[in-house]
Amino acid sequence: MILSEKKFCCFAVALVIAVSDAIPVGRSDAEPNIRNRTYTPLKVGSVTPKGWLLKQLQLQADGLSGHLSQFWPDIQQSIWIGGTADGGLHERAPYWLNGIVPLAYLLKNAGGHEKAFYQGIHKSKTPLPVSDAICKNGTDMRNSDITFFKTTNAEACRDACNTTDGCVGFVVDCPDENNQVTCWLKNANGATSSAACRCYGVLPAHPDTPVNIMDQSNKYVDYILKAQEPSGWLGPADNVKDGNVYWGRSNVILSLEQFAEAEPTRFAQVSQAVLKYLLELKRRITSPNYAQLAGWAAQRWMDIALGAEWLLVNAPQGHEDDLVSLIHLLHDQGSDWESWFQNFTGAAGGHNVNNAQAIKSSGVYYLMNGNETLHTLSLQRMHNLDEKYGLPTGMFNGDEILPQPATRYPSRGIELCGVVEAMFSYNTLFSVHGDVSFADRSELIAFNALPATWASPTGGDMWAHQYLQAVNQIHAQVDNPHVWTHDGADAELYGLEPNYGCCTANFNQGWPKWASMVVYTTNDGGAAVGLYAPSVSTLPDGSTVEIDTSYPYEDEVRLTVDAKRPMPLYVRIPAWATHATLDGQSVANGTMVKKPCVTGANTFKLDFAPQLVVKRWGDLPADASTGPVSIHRGPLMFSLPIGGNYTVVSHHFGGPNDSNDYQVEPTSPWQYAIDVDMENPGKTLTVKKGTYTPGAAPFNHTGWPITIAATVRPLPRWGINLNSAAVPPASPACTSGGTCGTPVQVELVPHGGTDLRMGELPQSGL
């Protein structure tokens, strides 16, 4: 069944491919069910991480990812496993599972999916000693309630907290006429206040069970499968007239499909369950007794379609026509992203996460019809986002909503959910179309934006994240007023769930799904290296591709292919690698270089020889020659770090350096202009290369493996706007009637290894 095409107009943009005025994106009956991707991702469980990539994944498991199921109600007590938490869209456990499943198999391959006993403040079954100081009289701690009930006394309330999953503190009031107290159990310990007839207590730390990522993955997958309704429906029985309910289930489907890839003995069971659900979904969205796609489900239709395409390729079970029809239904009932990304008007809307997910919508639908117009649109939407909202980290401004009027103001923010969704979207576009620019962008975001949204006093761990991160971030505090327009005052705090908890669940997919897409298979029986990170990837025939490198902190990559038969290897040469060589021979940047491999061992040495690059920002066209600049070398962006003083404003879990909320105040100046020549950056900038220390946090906030020495000049007239750094003064800031101070020598450091920073500075002109 072929439904009507979406019709829209687009305008010309300066890109490599011209676009016609009318863009048909429909499909003819003569076309095959689904087209091959240019590069097909390996099945989950095919990649063994090494070096810094393994360390990063271990840090994720050692941090929030491995422990959310032990203390955060929306995972621990999720409605998806029979609990009562994760209401509304029911999206948080599915978000989390979408990252935990691939994380489990990456760590299993490296021998590290089970962690040692953890000293925490959660779910202890160990009896607590009786103490005269059970709680603090005259003190209340409001909010963060798990539940409340009547009990006999403070000791009974404390004991209830001790045996309740996620409970870390409690409050009791004075006895009533029946000599009963009200007991409030808390899932977080925060600010206290004086209150008559209140007594506040904190649960002491106790050892708990080991953290086993694989067991967590299996527990949720098994429960979800067992609870599937006979109709095929998965999850809670929501309002059948609400077209929004289909959204949360899309990440369940993606999680189940990843699990099926990694567990061949359960492939049939899981793929049958997925098919039953998708057929029930198709029945519902075409029945007047239910609802068509609406809300998030309509705006994020491409993720639902991606799950259906996986089944169409891997296990259609005789339902090819049903699945093809479903995918076209999803597209036609979903938001019109083809039009939106041309001029950013229309019903699709400016929600930043929707936009980040929808970046791949053209590629997802391209697989259904092969229309090259969709390939063109895939390239254009990246260009258009950059032109209006772009940031030097590879992301775009979207502090909940894309700002209107459009701006590239570097103190505006982008949401962590948007970051991880964009990484996956660009990797998907690379897989579908094969354009190097998409993989380049994925690396840029992964090495800069993703790690920059994490910080703590120890640096480099993954216990505390922001909801919004800014390229120019002079502090992380509760800001009222604030420069962002749609999020709460705490959106830039580092913590468990600042502003809103969606990113606490969704961040989990970032590194694991990225790590699972470093190497691909090709349609001519070969392999393609799409991303560079230390790892060993096993191809379906048992051949392996090993990537040995400390890149992005090292300029060289050593590739070893152990081939079971003669095969080609395609090697990605980034667009920025204008001086790259492969085995000593110059290679064209922005291309995939094909190298033959013989049966047995094949080795290749890739030297990127990255150059210093200065990029101009600001709002176009007004700031085309006067906007601030950012400094880059290879895939890394370099920023001026601002010293930070940390204050714990709330503690949630674990030891004193684990799950906390932090306010970070600056301890060093930030108002500077930089001496830099756009055409000859090496004239004033000096690269200081060190080496990555094995076992170190890859994006630590001290001891950076590479830095750039620079000269900056104080710019006192650069002011504050709504508690953030104002728009950078026009360049050249020190020669156009501006006054700058005495030159200062500084070190610029990898942007991803900062908590407070200035990533865009005006040129001094000197």
For the residue pair [X] and [Y], confirm or rule out a side-chain donor-acceptor distance under 3.5 Å.
{"X": "Ser431", "Y": "Arg37", "answer": "yes"}
{"X": "Gln258", "Y": "Asn98", "answer": "yes"}
{"X": "Gln357", "Y": "Ser425", "answer": "no"}
{"X": "Asp435", "Y": "Ser437", "answer": "no"}
{"X": "Thr407", "Y": "Asp619", "answer": "yes"}
{"X": "Thr581", "Y": "Asp607", "answer": "no"}
{"X": "Gln469", "Y": "Glu492", "answer": "no"}
{"X": "Asn352", "Y": "Tyr389", "answer": "no"}
{"X": "His383", "Y": "Gln380", "answer": "no"}
{"X": "His632", "Y": "Ser630", "answer": "yes"}
{"X": "Thr578", "Y": "Asn589", "answer": "no"}
{"X": "Gln509", "Y": "Glu421", "answer": "yes"}
{"X": "Tyr409", "Y": "Glu760", "answer": "no"}
{"X": "Glu261", "Y": "Tyr105", "answer": "no"}
{"X": "Ser764", "Y": "Asp675", "answer": "yes"}

### Message
Testing Arg441, Arg381, Arg408 one by one against Asp386 for a salt bridge (charged side-chain N to carboxylate O under 4.0 Å, His left out), which residue passes?
### Response
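Exactly one candidate clears the test, Arg441.
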
Measure from the side-chain N and O atoms of [X] to the backbone N and O of [Y], and report whether any donor-acceptor pair falls under 3.5 Å.
{"X": "Thr591", "Y": "Ala588", "value": "yes"}
{"X": "Ser668", "Y": "Gly643", "value": "yes"}
{"X": "Thr38", "Y": "Val432", "value": "yes"}
{"X": "Trp704", "Y": "Gly753", "value": "yes"}
{"X": "Tyr532", "Y": "Ile547", "value": "no"}
{"X": "Gln763", "Y": "Val676", "value": "yes"}
{"X": "Asn384", "Y": "Phe341", "value": "yes"}
{"X": "Arg757", "Y": "Ala470", "value": "yes"}
{"X": "Thr754", "Y": "Leu756", "value": "no"}
{"X": "Asn448", "Y": "Leu636", "value": "no"}

### Task
Taking all heavy atoms of His579 and all of Ala609, pick out the closest pair and write down the distance.
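Heavy atoms only, the tightest pair is O-CB, 3.6 Å.
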
### Heavy-atom pair with the smallest gap, counting every atom of Leu106 and Pro49
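Answer, listing the atom of Leu106 first, then Pro49: O-CD, 3.3 Å.
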
Within-4.5 Å side-chain heavy-atom neighbours: [X] and [Y]:
{"X": "Pro628", "Y": "Leu761", "value": "no"}
{"X": "Phe430", "Y": "Ser442", "value": "no"}
{"X": "Phe438", "Y": "Ser378", "value": "yes"}

### Query
After noting the C-alpha distance and the side-chain angles of Asp623 and Arg616, does the key distance pass the salt bridge (Lys or Arg N to Asp or Glu O under 4.0 Å) rule?
CA-CA 9 Å; Asp623 299 330; Arg616 176 84 65 191; over 6 Å; no

#### Entry: Nearest-0.5 Å distance that lies between atom CG in Asn506 and atom SG in Cys417
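It comes to 4.0 Å.
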
### Query
Does Lys513 make a cation-pi contact with Phe424 (under 6.0 Å, within 45 degrees of the axis)?
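Cation-pi check for Lys513 and Phe424: passes.
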
### Task
Starting from the C-alpha separation in whole Å, work towards a yes-or-no answer on salt bridge (Lys or Arg N to Asp or Glu O under 4.0 Å) for Glu546 and Lys50.
CA-CA 10 Å; Glu546 182 169 8; Lys50 305 190 309 175; 2.5 Å; yes

